[in-house]
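Here the structure comes first, spelled out in structure tokens, and everything after it is commentary.
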Amino acid sequence: MPSAMKIFSGNSNRALAERICEHIGVRVGDALVGRFADDEIRVKINEDVRGGDVFVIQSTCPPVNDSVMELVLMIDALRRASAERITAVIPYFGYARQDRKDEGRVPISAKAVANMLTSVGVDRVLCIDLHAAQLQGFFDLPVDHLYAGPVMKRYFRRLNLKDLTVVAPDVGSSKLARGYAKRLDAGLAIVDKRRVTDTDTKVMSVIGDVKGRNVLLIDDMISTAGSITEAARTVREMGAKAVYLAATHAVLSGQAMERLDKAAIEQLIVTDTIPLTEERSRPYIKVLSVARMLGEAILRIHHAESVSRLFDDMEDD
Ligand code: R5P
């Protein structure tokens, strides 16, 4: 008999935590996650977790540093309160793009975050569409890596777009785009992107055919929206018909909303791994929920059942 399951949430995506709990049929655990007068993060777990199988839901999205620190301190509190097992459910894993030393004297921030979580005693990690799958190796403990693919593909199948080409806005997203193209029975094209600064990109060329096609540009995340809107502009200029954008994680920082508002697109499809604030909501943005998928994964982890089989079940839906 597994020990009692408890689910807690930080402040970064409380709405998703509530949707997950609703799916599972439990309530979000009682915890104070606030601030002291000097802005230090204050955590107090208000219920008994001794011997419990505890899940902490927290996307490390903006404000990223607060989100990371809340997660670290919640895990520390739960460990010291004798939880038997602690799983960090991190639907969006921030700092993931800083995953290597690509120049001198820079940190590997993703590894530093993984080290912090490990050092306070996390036992497992559950996340969705990591920027690079290899990030799993930054943890020396089990990482369940889910894909928003089944949720997105179900939506696109319903749209039933003819003459569809899935386009990767850069080479890094080509594997993701290939998976979508295969499942949606669509063509595939890849944009050769160069990053000019951390907020601006330039399209060098497009490999594949987009003329006269409906285009679905797919990426793991949209941050400043430079990559995806540049790619959208290019495929339009090359004669694409309707252009749809999709990304699992709607970070939407900096100039993102300005760029997206100006982009000639039919729709932007994202998931709720990061909450879409009111000022970022737009009629052209469709948010799909990953709550059911995460809820199922949590149940399977709790009952020591296969998580990968969840995907077979979801593909059959
Ligand atoms: C890059 O490798 C990622 O997959 C995204 O394409 C990129 O990080 C998005 O950033 P932005 O929206 O700022 O161009």
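Here, residue 1 is the first one in the sequence, and each next residue gets the next number. Order of appearance sets the numbers: ligands from 1, and atoms from 1 within every ligand.
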Practice prompt. Provide the full list of salt bridge (Lys or Arg N to Asp or Glu O under 4.0 Å) pairs with a residue in residues 8-36, sequence neighbours left out, each pair given once.
Written response: Arg14-Glu18, Arg19-Asp272, Arg27-Glu47, Arg35-Asp66, Arg35-Glu70
Fill in: Pairs where residues 222-240 contributes a residue and the test salt bridge (Lys or Arg N to Asp or Glu O under 4.0 Å) is met, not counting sequence neighbours
Glu230-Arg233, Arg233-Glu237, Arg236-Glu266
Worksheet item: Who passes side chain to side chain contact (heavy atoms under 4.5 Å, CB included) against Asp192, sequence neighbours left out?
Response: Arg194, Met204, Ser205
Item to complete: Establish, from distance only, whether the side-chain atoms of Asp220 and Tyr92 form a donor-acceptor pair under 3.5 Å.
Response: no
Worksheet item: For Asp170 and Ser173, does a side-chain donor sit closer than 3.5 Å to a side-chain acceptor?
Response: yes
Practice prompt. Could you point out which residue of Thr199, Thr224, Thr229 forms a side chain to side chain donor-acceptor pair (under 3.5 Å) with Arg259?
Written response: Thr224
Response to the item:
Ordered by chain then number, the protein residues lying under 4.0 Å from ligand 1 by heavy atom are Arg97, His131, Asp170, Lys193, Arg195, Asp219, Asp220, Met221, Ile222, Ser223, Thr224, Ala225, Gly226, Ser227
